*Asks:* 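Shown below is the structure under consideration.
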Amino acid sequence: MSDIFHAGISGARGRMGRAVSQVLDAREDVVVASRFDRGEAPGLNLCDVIIDFSTPEASVELAKACAARGGPALVIGSTGLTPEQEAEIETAAEKIAIVRSGNFSLGLNILIGLVEHAAQRLDGRDWDIEVLETHHRRKVDAPSGTALMLGEAAANGRGRDLEDLRTAPYDGITGPREPGKIGFASLRAGGVIGEHTVLFGSDDELLTLSHSAIDRSLFAKGAVAAAAWVRNRRPGLYDMQDVLGFRQA
Ligand SMILES: NC(=O)C1=CN([C@@H]2O[C@H](COP(=O)(O)OP(=O)(O)OC[C@H]3O[C@@H](n4cnc5c(N)ncnc54)[C@H](OP(=O)(O)O)[C@@H]3O)[C@@H](O)[C@H]2O)C=CC1
Ligand SMILES: O=C(O)C1=N[C@H](C(=O)O)C[C@H](O)C1
C-alpha cells in the first residue's frame, strides 16, 4: 500500500500557496485536505502536515494552534519574522515537528555552505562581505529571509553572530566601511522571483557567489519535499539543511 498523507495549505490563495497547490495536486501520494487563508478555519484535525507561506503573524498563530493540540507538523516559509516571533516558533517546536526556512531551493541551500566556507577562509580584516538581493515589487519584507540566511552563513564562517556584524544600510555620509562587517542591500523591481548574491571584496580581487530562482515552483517543490520529510518526525525545529541531509543529527 502506498504511503498517502494529508496536507494543508496556509496562505492558499497567495503566490506561493497557489504554487504549492499545483505541486501537491500533481502528486499521487498526497491528499490536499485543507486550503485556507486569512479568517478561514485551518482544519488542523484533517492534516498530517501543513505548508504555510503567509505572514509572520499568521505563521506564529498557526504554530501555536498546532502545538496546543500536538499536531499537525508544519513547514513554514514565511519570512520577515521578528526575533520574538522566531522564539515563538521555537517554543511551538517543543511540541510538534517544524521545518522553517527562508528558502526551500536545493541550489540556495548549497550556496549557504559555499558562503560559510568562503567566509571562514577570507580574513575579515582584508575581505568585506556584502549580501545583495532583488525581488518582485510586491515583496513586503527586506532584507529577504534568504539574504539573512546567507548573512548568517557568512557570520558563522567568521565564528560570529550576524547581529554583531550586521551594518545599517548605507545612506548619506556614512564614513568608511568598518572592517569585518556584513552589509545588506535590497532591490525591488517588477516580477523578479528571487536573486541573491554574496560579494566578497578585497583590495585586489572580488569573489561573487550567486543564485537565481527561475520559477516560483522551485520553492513549492522544496516545501513539499520538506512536508513529506517532516510529517512523521519527532518534535523539533528543522531546516532545509536537515531535509536535504546536509547536517548530521
Ligand atoms: N521560504 C521560501 O522559500 C519562500 C518564502 N516566501 C515567503 O512566503 C510568504 C508569502 O509569500 P507570497 O505567497 O508571495 O505572498 P502573498 O501575499 O501572495 O500570499 C500570502 C497569503 O497568505 C494569506 N494570509 C494572510 N493571513 C493569513 C492567515 N492568518 N492564515 C492563512 N493565510 C493568511 C494571504 O491572504 P490575504 O491576501 O487575504 O491577506 C495571502 O493569500 C512571504 O513571507 C514570502 O517572503 C516566498 C517565496 C519562497
Ligand atoms: O517573497 C518572495 O517572493 C521570496 N521570499 C523568500 C525570501 O524572503 O528570501 C524566498 C525567495 O527569495 C522568494
Side-chain angles (χ1 to χ4, degrees), residues 9-25 35-40 50-62 74-86 89 99-112 115 129-154 162 166-172 174 182-199 201 206 208-224 226 239-240:
I9 307 174
S10 163
R13 283 191 286 273
R15 279 175 292 278
M16 278 308 301
R18 283 176 278 139
V20 168
S21 196
Q22 279 189 358
V23 174
L24 288 176
D25 287 344
R35 299 172 204 257
F36 58 95
D37 273 271
R38 186 191 299 274
E40 295 173 342
I50 292 177
I51 300 174
D52 167 62
F53 289 91
S54 55
T55 66
E57 297 74 19
S59 298
V60 168
E61 285 315 305
L62 182 62
L74 281 178
V75 174
I76 298 178
S78 305
T79 56
L81 278 71
T82 62
E84 293 73 24
Q85 288 169 325
E86 288 180 348
I89 302 284
V99 176
R100 186 171 93 83
S101 179
N103 197 304
F104 289 96
S105 111
L106 170 62
L108 194 287
N109 277 278
I110 288 175
L111 182 61
I112 295 283
V115 167
I129 303 178
E130 297 281 322
V131 183
L132 172 67
E133 55 103 344
T134 309
H135 281 86
H136 53 93
R137 61 166 74 98
R138 293 176 186 84
K139 184 160 179 63
V140 297
D141 56 307
S144 67
T146 308
L148 292 170
M149 285 165 62
L150 291 166
E152 273 162 20
L162 177 57
R166 186 174 172 175
T167 55
Y170 310 122
D171 189 20
T174 60
I182 298 176
F184 291 85
S186 299
L187 302 179
R188 296 289 175 261
V192 177
I193 303 287
E195 306 275 322
H196 291 91
T197 294
V198 183
L199 173 65
L206 297 179
T208 310
L209 300 177
S210 292
H211 179 266
S212 295
I214 293 171
D215 192 295
R216 194 165 273 117
S217 64
L218 167 75
F219 309 126
K221 287 176 193 159
V224 169
D239 65 16
M240 273 313 270

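The figures here come from the full heavy-atom set of this structure, side chains too, leaving out hydrogens, waters and symmetry mates. It should be emphasised that the depicted structure is a prediction, and the values quoted were computed from it without experimental measurement.
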*Asks:* What closest approach, in Å, do A226 and V99 show between heavy atoms, and which atom pair accounts for it?
*Replies:*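 Distance-wise, the nearest heavy atoms are CB-CG1, 4.1 Å.
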
*Asks:* Can you check whether L62 reaches F36 side chain to side chain, under 4.5 Å on heavy atoms?
*Replies:*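 Yes, close enough: below the 4.5 Å cut-off.
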
*Asks:* Let's go through E86 and R100 carefully: what are the C-alpha distance in whole Å and the side-chain angles of both, what is the deciding distance for side chain to side chain contact (heavy atoms under 4.5 Å, CB included) to 0.1 Å, and is it a yes or a no?
*Replies:* CA-CA 10 Å; E86 288 180 348; R100 186 171 93 83; 3.1 Å; yes

*Asks:* I'd like to know whether CG of L206 has more than 12 heavy-atom contacts from other residues, nucleotides or ligands below 6.0 angstrom.
*Replies:*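 Enclosed.
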
*Asks:* Could you tell me whether the side chain of T146 and the main chain of G102 form a donor-acceptor pair under 3.5 Å?
*Replies:*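 Yes; at least one donor-acceptor contact below 3.5 Å.
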
*Asks:* Hey, could you give me the CD/CD1 distance between E195 and I214, rounded to the nearest 0.5 Å?
*Replies:*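 Answer rounded to 0.5 Å: 9.0 Å.
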
*Asks:* Determine whether E130 and Y170 make a side-chain contact, defined as any pair of heavy atoms from C-beta on separated by less than 4.5 Å.
*Replies:*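 They are in side-chain contact.
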
*Asks:* List the steps, then state whether side chain to side chain contact (heavy atoms under 4.5 Å, CB included) holds for V192 with K139.
*Replies:* CA-CA 10 Å; V192 177; K139 184 160 179 63; over 6 Å; no

*Asks:* List the atom of F104, the atom of F219, and the distance in Å for their closest heavy-atom pair.
*Replies:*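 Closest heavy-atom pair between F104 and F219: CB-O, 3.5 Å.
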
*Asks:* So, does E133 use its side chain to make a donor-acceptor pair with the main chain of A147 at under 3.5 Å?
*Replies:*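 Looks like no, no N/O pair under 3.5 Å.
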
*Asks:* Before you tell me yes or no, could you show the steps for L150 and L111 under side chain to side chain contact (heavy atoms under 4.5 Å, CB included), namely the whole-Å CA-CA distance, both residues' side-chain angles and the distance that decides it to 0.1 Å?
*Replies:* CA-CA 8 Å; L150 291 166; L111 182 61; 3.9 Å; yes

*Asks:* Can you tell me how far apart CD1 (I76) and OG (S101) are? Round to the nearest 0.5 Å.
*Replies:*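 Taking CD1 in I76 and OG in S101, the distance rounds to 11.5 Å.
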
*Asks:* Got a donor-acceptor contact below 3.5 angstrom from the N109 side chain to the N103 backbone?
*Replies:*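 Pair found, side chain donor or acceptor close to backbone of N103.
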
*Asks:* Does the side chain of I182 come within less than 4.5 Å of V131's, by heavy atoms?
*Replies:*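 Of all side-chain heavy-atom pairs linking I182 with V131, at least one is under 4.5 Å.
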
*Asks:* Would you indicate whether the side-chain heavy atoms of V60 and E84 approach each other to under 4.5 Å?
*Replies:*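 Of all side-chain heavy-atom pairs linking V60 with E84, none is under 4.5 Å.
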
*Asks:* Working to the nearest 0.5 angstrom, can you tell me the gap between R35 CZ and I50 CD1?
*Replies:*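 That separation rounds to 13.0 Å.
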
*Asks:* Compare every heavy atom of D37 with every heavy atom of G14, then report the nearest pair and how far apart it is.
*Replies:*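 Smallest heavy-atom distance, with atoms named: N-OD1, 4.3 Å.
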
*Asks:* Determine whether a donor-acceptor pair (N or O, by modelled atom type, separation under 3.5 Å) exists between the side chain of R188 and the backbone of H136.
*Replies:*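 No, because the side chain of R188 does not come within donor-acceptor range (under 3.5 Å) of the backbone of H136.
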
*Asks:* Could you give the distance from CD1 (I9) to CZ (R18), rounded to the nearest 0.5 Å?
*Replies:*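 Spacing of CD1 (I9) from CZ (R18) equals 11.5 Å.
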
*Asks:* May I ask you to decide if T82's main-chain N or O and Q85's side chain share a donor-acceptor pair within less than 3.5 Å?
*Replies:*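 Flag set: sc Q85 to bb T82 pair under 3.5 Å.
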
*Asks:* Between R166 and F184, is NZ or CZ placed under 6.0 angstrom from the six-membered ring centre and within 45° of the ring axis?
*Replies:*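 Yes; both conditions hold, so R166 lies above the ring face of F184.
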
*Asks:* Applying side chain to side chain contact (heavy atoms under 4.5 Å, CB included) to H196 and M149, what does each step give before you reach the verdict?
*Replies:* CA-CA 11 Å; H196 291 91; M149 285 165 62; over 6 Å; no

*Asks:* Please check if the number of heavy atoms outside E40 that lie under 6.0 Å from its CD is greater than 12.
*Replies:*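 Enclosed.
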
*Asks:* As a test of understanding, state which of D141, T55, V140 forms a side chain to side chain contact (heavy atoms under 4.5 Å, CB included) with T79.
*Replies:*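 Checked D141, T55, V140 against T79; only one passes side chain to side chain contact (heavy atoms under 4.5 Å, CB included): D141.
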
*Asks:* Donor-acceptor pair, S217 side chain versus A220 backbone, under 3.5 Å?
*Replies:*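 Pair absent, no side-chain N/O of S217 close to backbone of A220.
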
*Asks:* What distance separates Q22 CD from R216 CZ, expressed to the nearest 0.5 Å?
*Replies:*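 Spacing of CD (Q22) from CZ (R216) equals 11.5 Å.
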
*Asks:* Just by modelled atom types, is the S54 backbone N or O under 3.5 Å from a matching donor or acceptor in the S78 side chain?
*Replies:*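 Present.
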
*Asks:* First locate atom CG of D215, then atom OG of S105, and finally report the distance between them rounded to the nearest 0.5 Å.
*Replies:*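 Rounded to the nearest 0.5 Å, the CG-OG separation comes out at 12.0 Å.
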
